[in-house]
Amino acid sequence: QPIHVPAYMVELISQFGITVVASAGNGGDLPYIAGSPSIAPGAISVAQTQVPSAKAYSVRIFRNSNRPTSEILNTADLGWAPVDKTVNGPLVYVGRGCVGDPYLVPESRVRNAIAIIDRGGCNISSKVDRAARLGAKGVIIVNNVPGDPPSFSQGDGSLFVPTLVVTQADGNALKASLAGNRVRATFGPRLFRPLVGSMVSSSSRGPSYSFQTIKPEIGAPGASVSAEVGTGSGETAFGGTSGAAPMVAGAAALLQSRYLSDFGILLDSYDVKALLMSHAEPNILINPVSKPGVLAPITRIGAGEVRVDRALDGSAAVVTLGEPIQGDPDLQGSISFGYRAWTLSGPTSITRTIYVLNYSGSSRVFNVASSFRYADDAALGAVTLAFSAPTVSVAPWGVGAVNVTLSVDPSKLAPWQLNGGTQGGNGDLLTLQEIDGFITLNDGTETLRMPWHLLPRKAADQKVSASSVTLAGGAGTLGLS
């Protein structure tokens, strides 16, 4: 099989009509890192979005002044060390801060200060616990890799103070500002920007390596609380895509319950996936603080954030045929044209069929349209989508179909910048190379959306002048054009 056993088994289960909801993983904004078994075509792969109450707390910096001289806006908080009170104090950089590591300053200087601690070497909670026991008012964790600051689960330790995580760039600048200066900071529950409607930075990105398909396919809030084993009534912080997947699983159960109670129908797994994806909220941002107004790419959020109320109120969905691991083709709620190398002399179009599923007793006519996720992709002019008809007619409890043709002008594609080395894990570069968007269907009462995605590579059409070469004196000539 083309993928490993857990994904293979998930595919077999889904073909029996069982809905499998799987976490995409917590690998962050890295190309192709969406995890197995969520990459199985029959699984619903789930990304993590911010909970409605999520906030980015800002840190105000006072450098040799009683007035703020700068402000750090892009931060992440920790559920087990919440920002539940205002913290104000001098900044002290202590280094890595693991138990056993010597601090870079006398430990006495940590008392009544805000400790700046580098990520790495041990779990974050043990670093915070150590600083808290030395009397720190708060902690700022400096990330050790580029990108948005992540949150962290609790490990060792039990005594905590309000803690924020900042980016590597902001943290390095903050540490550098301490040399020869009097620097203090403040942060608290009143200094924040809302993060609702955006991605969690640690949520894994696709596309699927095995099938070049859109994975993850839908997002849901993932930071919550869970029952704590062995306590009887205790709760503990629980997050990541492992916290997001149960949200989608619950939405799937509600859909099944509705169709069983209203129509006596048990939905197939592809029906459940299609209904959820067709009615998801597509306008999800990457990060409203670090990238205000920038929508998350399709390979991070799929169809969007789950909206179970829309799926329950809706009575239609849109699907296409996807590549199966074995057996009949899977019906998918997204259309993936995959990774392709395009040359001027090669084929320049691909045609797929999309199907509208009508779960109502009325005939319906849907208008069909397409859009790009980003304006610069549309302006590039390299890709167009066209439909075989402007509308799709669907009979009661029936299926309607329309062909969509993707055409590519290879001469207009952006130069390829990803590689297998230093830029192979660059999520921003993947966004520049991808071209994606939505197919939208509307009958005046209901709107359906299907995400589409293409990863095109502008390739040279190279040919050799002969299939063999004769060596004379150890040398020969072969033409390349």
Side-chain angles (χ1 to χ4, degrees), residues 1-25 34-47 204 206-220 241-242 244-280 302-303 306 308 311-312 314-336 352-360 397-401 448 450-451:
Q1 60 264 14
I3 55 178
H4 82 309
V5 172
Y8 181 70
M9 296 307 298
V10 162
E11 185 66 10
L12 293 180
I13 291 170
S14 69
Q15 290 185 5
F16 281 101
I18 299 172
T19 301
V20 179
V21 181
S23 307
S36 181
S38 82
I39 59 171
I44 304 177
S45 179
V46 183
S204 287
S208 158
Y209 179 80
S210 298
F211 295 98
Q212 297 295 320
T213 52
I214 294 173
K215 294 282 183 173
E217 295 159 299
I218 199 166
T241 54
S242 294
M247 298 287 184
V248 176
L254 289 172
L255 275 177
Q256 287 284 25
S257 177
R258 183 234 163 172
Y259 278 84
L260 274 173
S261 62
D262 290 359
F263 307 110
I265 296 173
L266 181 65
L267 296 173
D268 207 329
S269 59
Y270 70 80
D271 291 302
V272 174
K273 180 194 281 194
L275 282 163
L276 291 175
M277 291 181 66
S278 295
H279 297 92
V306 66
V308 66
L312 289 169
S315 54
V318 57
V319 297
T320 190
L321 294 178
E323 182 180 358
I325 294 179
Q326 75 170 46
D328 296 329
D330 283 283
L331 291 174
Q332 298 295 325
S334 61
I335 187 164
S336 301
R352 299 279 179 83
T353 302
I354 59 175
Y355 303 91
V356 180
L357 311 179
N358 184 6
Y359 301 94
S360 76
W397 294 99
V399 179
L448 311 176
M450 168 179 274

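Taking the ring pair (Phe, Tyr, Trp, His ring centres under 6.0 Å) definition, one finds that Y259 meets it with F263, Y359, sequence neighbours left out. S23 is linked by a side-chain contact (heavy atoms from CB on, under 4.5 Å) to T241, S242, A245, counting only residues two or more places apart in sequence or in another chain. K273 meets the side chain to side chain donor-acceptor pair (under 3.5 Å) test with E217, Q332; sequence neighbours excluded. When the side chain to side chain donor-acceptor pair (under 3.5 Å) test is applied to S38, the partners found at least two apart in sequence or on another chain are S45. T353 is linked by a side-chain contact (heavy atoms from CB on, under 4.5 Å) to Y355, A401, N403, counting only residues two or more places apart in sequence or in another chain. The side-chain contact (heavy atoms from CB on, under 4.5 Å) check on S14 picks up E11, S269, with sequence neighbours excluded. Applying the side chain to side chain donor-acceptor pair (under 3.5 Å) rule to S360 yields the partners N358; only residues at least two apart in sequence or on another chain are considered. By the side-chain contact (heavy atoms from CB on, under 4.5 Å) test, M247 is found to be paired with A220, residues two or more places apart in sequence or in another chain being considered.
Residues A40 and V10 approach most closely at CB-CG1, 3.9 Å, considering heavy atoms. In terms of heavy atoms, S208 sits closest to K215 at CB-CG, 3.9 Å. The two atoms that bring A43 and P37 nearest to each other are CB-O, 3.9 Å, heavy atoms only. Here the shortest heavy-atom pairing between I214 and G302 reads CG2-CA, 4.0 Å.
Here L357 contributes atom CG and L275 contributes atom CG; the two are 8.0 Å apart, rounded to the nearest 0.5 Å. We find the CD1-CE distance between I335 and M450 to be 6.0 Å, quoted to the nearest 0.5 Å. Taken from CD1 in I18 to CG in D268, the straight-line distance is 10.5 Å, to the nearest 0.5 Å. Taking CG of L276 as the start and CG of L255 as the end, the distance is 5.0 Å to the nearest 0.5 Å.
Contact annotation: the side chain of L321 approaches that of L331 to within less than 4.5 Å [non-hydrogen atoms, C-beta and beyond]. Residues S257 and L260 have side chains not in contact (no heavy-atom distance under 4.5 Å, counting atoms from C-beta outward).
Of the possible polar contacts, one joining the Q256 side chain to the L267 backbone as a donor-acceptor pair under 3.5 Å is found.
Counting only residues at least two apart or on different chains, the salt bridge (Lys or Arg N to Asp or Glu O under 4.0 Å) pairs with a member in residues 250-266 are R258-D262.
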